[in-house]
Amino acid sequence: MGHVRNYTIGDVLARFMRMQGLNVLQPMGWDAFGLPAENAAIANGVPPARWTRENIAYMKRQLQALGFALDWGRELATCDPQYYRWNQWLFLRMLERGIAYKKTGVVNWDPVDQTVLANEQVIDGRGWRTGALIEKREIPMYYLRITAYAEELLAALDGLTDWPERVRTMQANWIGRSEGCEVVFPYSDDTIATLGATAASAAGALSVFTTRADTLFGVTFAAISAEHPLAQAAASRDPQLLDFVEECRRGSTMEAAVATMEKRGMRTGLHVRHPLTGEPIEVWVANYVLMSYGSGAVMGVPAHDERDFEFAHRHGIALRTVIRPSGAEWDEVGPEWQGLYAEAGVTVNSGEFSGLSSAEAVTAICRALEQRGLGQPRVQWRLRDWGISRQRYWGCPIPLIHCPSCGEVPVPDAQLPVRLPEDLVPDGSGNPLAKSEAFLHCACPRCGQNARRETDTMDTFVDSSWYFLRFACTDQDSRPVDERAAYWLPVDQYIGGIEHAILHLLYSRFWTRVMRDMQLISLDEPFRRLLTQGMVLNQIYYRQAATGRPVYFNPADVETRVDGTGKRIGAVLVSDGLPVEHGGLGTMSKSKNNGVDPQSLVQKYGADTARLFVMFASPPEQTLEWSDEGVQGQFRFLRRLWKAVYDHVHAGPKPEPLTSAVLSGLGEAAADLRRQAHQTVVRVTDDIARRRVFNTAIAAVMELLNAVGRFEVPGAGARAVRQEALELAVLCLSPMVPHICHELWFALGHERALIEEPWPRPDPAALVQPTVELVVQVNGKLRGRVQVSALADEAAARAAALADPDVRRFVGNVEPRRVIYVPGKLVNIVV
RNA sequence: GCGAAAGUGGCGGAAUUGGUAGACGCGCUGGCCUUAGGAGCCAGUGGGGCAACCCGUAAGAGUUCGAGUCUCUUCUUUCGCACCA
């Protein structure tokens, strides 16, 4: 249903824009590689290719049944060699430019299946199939240098004014620019002696990054990640520390898991020297320090950092107050952590740097470090380079060949694509490509010797990072994109789930820039306007089985029980009439058995009802709660609309168009209906074009139809007004309800199909309102309403308000202290 | 843990720029029609009160003539956290 919602929003906008006279391209493609196909293959023993193509065929029928105005001539699937050859081609160009490079990365390793697992396949630190404790393992991988674009990706967010604010904020925080200071803590003599001639000792110093150089004199320990070379060196001499470092290797690589873990640490026995005081500082290994951020080491300031405070508390490490608040709310950091301790203030106990504001101290200390050669100002990014290697089968092969003599050799362009064999069936025990002799063996393109193909495939985010460009020229077979991209791109309206707010959208922004720098396209940003749609939710019902595992029931098979006021009091399974438990609302999923098949919905109510419901139930950016009654409500509305049109049509011949003579003779009721009809056009146009909300647009048409139902004035003029109101209702609804509106448009006596009609323009004369109702407040409380001329000035409005008997009761005989007049809205009398 | 949002009747939601809280729809109650209703039509429906009125937008404070809307604190829920896509 998430897809139905996504594409209905897109289709409504496409049809609306087309009626506005724009040339609209609405394409469709299939993001077809990835884990779900492999999982299905493991479960059913069928090659992922077959499962994928069957799914595409099924979904395509669904999308066609829903009447989406898609250009199927541009259909593409990311698992087609015609598409992924360009992933490979672009990857090779990135390799040439140094955008793609190789380094080691940490992955989840299942020691039983001897395979790399995705984060999703790690449940509570254990492998999903084996239940074995997962370990971190370092393997060589290919990375894309997205950090080289960090500055630009951040700065350009300001220009994305038609993106939701929250997405821009999330991306900015994700890129995470922080200005601070690199601080170098030289190793103590005893540490250098202990390390001997190792790689770690060659570094000679521990480098850390901090945004709080003003707290440097409060450093009482240093903490390094278990993967830090210094930790490795120390562990090789200390069996207990080695155990701890090994223990830190257990568990998944997920940052959320690392961050919520109990903070633990162990002494290394090594020391560094404070860069300004020379004081020895003990080095600890801590499980909360991430090797992937900064240098994998932090300075510990327990008095002014919450995590350091907690860590020091647990391990009996001393604490030194070096910042006091300027307002003197507290003096010394106490035994209980308070958020205030981390705030900026005035330095104390900091030698010659005491008495400075935090900001001054940051600058002064940084400068002092720089003079001693023990530090410098630095900008640190949270963003890391994008690791694209996957040790999996169902993805785009990385086009490299490993030759015993030449080393790593790129596949020549003429040999692209490196085709993925489509007949393999994964079994969960590693990448089947690595076991396929036919795939593996090849000749080295340089020396012709026997060589081995790279078996890693690309992250599926690669596939989705540029597909939108390809839609402009799916038939182009000598380049990934051609000049037609300049006409269609950037995407004027992109629609996607909020779950894509960071990764997919950031990767696409990056990839677009890389292609720009290769002179393949000439745009910076891929998506001009972004709509992030909310999730589709449904009720969850279950019973606790004897095994203790819940058994889920589809909400369609469950009947809810309500009391006399309509309040829910329980639910029973229709088949046996016995109660089921309610598990709240959740996203539609197989595991919770709360999905709704769009196909059955279309069969029962038709495509228009399905489309109307998903657009009416909530605004596009919010979650949408599935409701069978709600669907029936929309079905009912469409039938009422149908009946209203045909009742009108059967009551007489098609009226002549409204002439000025007819208009001037209209009674008040007819003028009111006409005003409402044209106001509906104004509201619907604004809702779709500017606000991108559809539920209120539909509500406006419902109100108009209710008004038509109440309108019982006889006569030719009134009949013409009713005809006009029904025509406008049908036009306004047509982007949401294309099929029924198409039919009703002919019924209303038109010869040309509705799809060829332009979007209606409201008649300014119809909108004119002779009088307006003003709300009258006394001291901010609603006390009355008065009708005044739409042209009334403040004095007239004030007089009318004070003349109202209800208002007079509250004002009494006192002279108002103040009167606030909001034209056309209200008068507030302050007494 | 960090980052981002959201919280309004029995339910989904409306209130667009600080200006009438509850549009529209669902559900429910009563009535009409019908052999029948998972059909249609009419009326009612935030809470309290005979009424005048009073209370009411997660909780608490603040700014303002006026706060669902702005500010702060707290609580709850949802999304993301780099190998689900």
Side-chain angles (χ1 to χ4, degrees), chain A residues 31 33-36 39 105 107-108 116-122 164-167 169-170 172-174 176 252-261 263 288 292 306-307 382-392 459-461 463-464 497-504 506-507 532 534-535 537 560 562-568 584-585 587 616-619 621-625 627-634 636-637 639-640 643 683 686-687 690-691 693 695-696 698-703 706 773-777 779-782 785 809 817-820 822 825-826 828-830:
Chain A
D31 189 15
F33 276 139
L35 214 50
N39 291 343
V107 294
N108 302 307
V116 176
L117 295 185
N119 282 335
E120 194 188 53
Q121 297 170 314
V122 179
E165 188 63 44
R166 60 171 165 163
V167 174
T169 310
M170 280 194 262
N173 290 336
W174 183 264
S252 89
T253 57
M254 282 169 76
E255 196 179 311
V258 174
T260 48
M261 219 162 38
K263 285 172 196 50
Y288 68 88
S292 49
E306 186 169 7
R307 283 196 311 184
R382 210 187 75 96
L383 183 68
R384 311 199 292 260
D385 277 341
W386 173 17
I388 58 154
S389 295
R390 297 291 179 272
Q391 297 68 45
R392 265 185 272 285
D459 180 4
T460 54
F461 275 126
D463 308 326
S464 56
I498 182 65
E499 70 275 17
H500 292 298
I502 294 170
L503 292 180
H504 164 60
L506 192 61
Y507 290 148
T532 49
M535 301 276 172
L537 312 179
T560 53
V562 297
D563 66 10
T565 67
K567 201 184 279 188
R568 293 173 47 105
L585 278 171
T587 51
F616 180 72
S618 61
E621 309 227 303
Q622 284 178 34
T623 56
L624 182 150
E625 196 179 311
S627 152
D628 265 328
E629 292 82 8
V631 175
Q632 283 170 37
Q634 299 313 300
R636 218 151 35 215
F637 167 69
R639 278 201 319 217
R640 262 189 19 242
K643 191 170 178 297
R683 280 170 67 184
D686 187 51
D687 279 353
R690 183 179 61 86
R691 299 177 65 207
V693 287
N695 55 332
T696 47
I698 295 165
V701 180
M702 286 173 167
E703 284 181 69
N706 290 343
E773 186 185 77
L774 288 184
V775 163
V776 186
Q777 296 180 336
N779 292 333
K781 280 185 186 287
L782 174 67
R785 294 156 206 274
R809 275 198 303 128
R817 278 223 323 260
R818 197 173 154 191
V819 176
I820 290 126
V822 183
K825 286 230 166 96
L826 67 68
N828 186 13
I829 299 159
V830 185

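Proteins come first, then strands; the chains are lettered A, B, ... in the order of their sequence lines, and each starts at number 1. Quantities reported herein were computed from a predicted structural model and do not represent experimental measurements.
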message: If you apply the rule side chain to side chain contact (heavy atoms under 4.5 Å, CB included), what do you find for Ile498(A) with Val167(A), and how did you get there?
response: CA-CA 8 Å; Ile498(A) 182 65; Val167(A) 174; 4.2 Å; yes
message: Test side chain to side chain contact (heavy atoms under 4.5 Å, CB included) on Trp174(A) and Leu503(A); report intermediate values, then the result.
response: CA-CA 9 Å; Trp174(A) 183 264; Leu503(A) 292 180; 3.8 Å; yes
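Among the nucleotides C55(B), C84(B), G13(B), the one closest to the side chain of Lys781(A) is C55(B). Among the nucleotides A21(B), G1(B), G19(B), the one closest to the side chain of Lys825(A) is G19(B). The nucleotide whose nearest atom lies closest to any side-chain atom of Ala617(A) is, among G12(B), G40(B), G1(B), G12(B). Counting only heavy atoms from C-beta on, Asp687(A) has its side chain closest to U16(B) among A4(B), C24(B), U16(B). Between C79(B), U20(B), A23(B), one nucleotide has an atom nearer to the side chain of Glu703(A) than all others, and that is A23(B). With distances taken from any side-chain atom of Arg382(A) to the nucleotides A82(B), C26(B), U20(B), the minimum falls on A82(B). Minimum atom distance to the side chain of Arg691(A) is reached by A15(B), of the listed A15(B), A85(B), A82(B). Each of G25(B), U20(B), A85(B) was ranked by its minimum atom distance to the side chain of Thr460(A); first place goes to A85(B). Between U20(B), C79(B), G1(B), one nucleotide has an atom nearer to the side chain of Thr260(A) than all others, and that is G1(B). Nearest to the side chain of Asn695(A), among A85(B), G13(B), A21(B), sits G13(B).
When both pairing distances are held under 3.5 Å, G22(B) makes no Watson-Crick or G-U pair with any nucleotide shown. Using N1 to N3 plus N6-O4 or O6-N4 for Watson-Crick, or N1-O2 and O6-N3 for G-U wobble, each under 3.5 Å, A52(B) pairs with nothing. Pairing partner, A4(B): U78(B), with both Watson-Crick or wobble hydrogen-bond distances short of 3.5 Å. When both pairing distances are held under 3.5 Å, G38(B) makes no Watson-Crick or G-U pair with any nucleotide shown. Judged by Watson-Crick or G-U wobble contacts below 3.5 Å, the nucleotide C70(B) has G62(B) as its partner. The partner of A43(B), taking Watson-Crick or G-U wobble pairs whose two distances both stay under 3.5 Å, is U29(B). The base-pairing partner of C84(B), taking Watson-Crick or G-U wobble contacts with both distances under 3.5 Å, does not exist among the strands shown. Base-pair partner of U16(B): not found among the strands shown (Watson-Crick or G-U wobble, both distances under 3.5 Å).
With C1' as the reference atom, U8(B) and A4(B) are 22 Å apart, rounded to whole Å. Distance noted for atom C1' between G40(B) and G56(B): 36 Å (whole Å). U76(B) sits 15 Å from G60(B) when the C1' atoms are compared, rounded to a whole Å. Only the P atoms considered, U74(B) is 27 Å distant from A82(B), to the nearest whole Å. G10(B) sits 28 Å from U71(B) when the P atoms are compared, rounded to a whole Å. Spacing between C55(B) and G49(B) at atom P, rounded to whole Å, works out to 16 Å. Comparing the C1' positions of G9(B) and G27(B) gives an interatomic distance of 12 Å, to the nearest angstrom. Annotation: A21(B) and A67(B) have their P atoms spaced 10 Å apart (nearest Å).
Within 4.0 Å of Arg639(A), counting heavy atoms only, lie sugar-phosphate atoms of the nucleic acid but no base atom. Looking at heavy-atom distances under 4.0 Å, Ser627(A) makes no contact with the nucleic acid at all. Residue contacts shown for Thr623(A) are limited to sugar-phosphate atoms, with no base heavy atom under 4.0 Å away. Counting non-hydrogen atoms under 4.0 angstrom, Gly534(A) reaches nothing in the nucleic acid. Residue-level contact check: Tyr288(A) touches neither bases nor backbone, having no heavy atom under 4.0 Å from any strand. Contact annotation for Gln777(A): base contact, defined as any heavy-atom pair under 4.0 Å involving a base atom. Across all strands shown, Leu383(A) has heavy atoms under 4.0 Å from base atoms, whether or not it also approaches the sugar-phosphate. Backbone-only contact: Glu625(A) has heavy atoms under 4.0 Å from sugar-phosphate atoms and none from a base. The residue Arg817(A) sits apart from the nucleic acid: no heavy atom pair falls under 4.0 Å. When heavy atoms are screened at a 4.0 angstrom cut-off, Val775(A) is found touching base atoms of the nucleic acid. Nucleic acid contact for Val258(A): none, since no nucleic acid atom lies under 4.0 Å from a heavy atom of the residue. When heavy atoms are screened at a 4.0 angstrom cut-off, Asp686(A) is found touching base atoms of the nucleic acid.
Counting only heavy atoms from C-beta outward, the side chains of Leu35(A) and Arg390(A) never approach each other to under 4.5 Å. Side chains of Leu826(A) and Leu774(A) form no contact here, defined as non-hydrogen atoms less than 4.5 Å apart. Here the side chains of Arg691(A) and Asp686(A) are in contact, with some heavy-atom distance below 4.5 Å. A heavy-atom distance below 4.5 Å is not found between the side chains of Leu585(A) and Thr623(A). Side-chain contact check for Phe616(A) versus Phe637(A): every heavy-atom pair is 4.5 Å or farther apart.
One can place CG of Asn828(A) at 17 Å from P of G18(B), the figure rounded to the nearest angstrom. Taking atom CG of Asn39(A) as the reference point, atom C1' of C84(B) lies 9 Å away to the nearest angstrom. The distance from atom CE of Met254(A) to atom C1' of C79(B) is 13 Å, rounded to the nearest whole Å. The interatomic distance linking His500(A) (NE2) with C84(B) (P) rounds to 13 Å, in whole Å. Taking atom CZ of residue Arg640(A) and atom C1' of nucleotide C42(B), one finds them 13 Å apart after rounding to whole Å. Rounded to whole angstrom, the span from the CH2 atom of Trp174(A) across to the C1' atom of C2(B) amounts to 11 Å. Computed from coordinates, the Leu35(A) CG to A85(B) P distance equals 6 Å when rounded to whole Å. In this structure, Gln121(A) atom CD and A85(B) atom C1' are separated by 13 Å, rounded to whole Å.
Here the options are Asn108(A), Val122(A), Asn119(A), the test is side-chain contact (heavy atoms from CB on, under 4.5 Å), and the partner is Met254(A); only Asn119(A) passes.
For Arg683(A), no side-chain nitrogen or oxygen approaches OP1 or OP2 of A23(B) to under 4.0 Å.
Heavy-atom minimum distance, Pro164(A) versus Thr532(A): CG-OG1, 3.8 Å.
Nucleotides of RNA chain B nearest to Arg818(A) and Val693(A) differ in position, and the one nearer the 5' end is that of Val693(A). Comparing Ala699(A) and Asn108(A) by the nucleotide of RNA chain B whose heavy atom lies nearest to each, the residue mapping closer to the 5' end is Ala699(A).
Note that CD of Gln634(A) is 12.5 Å distant from CZ of Arg639(A), once rounded to the nearest 0.5 Å.
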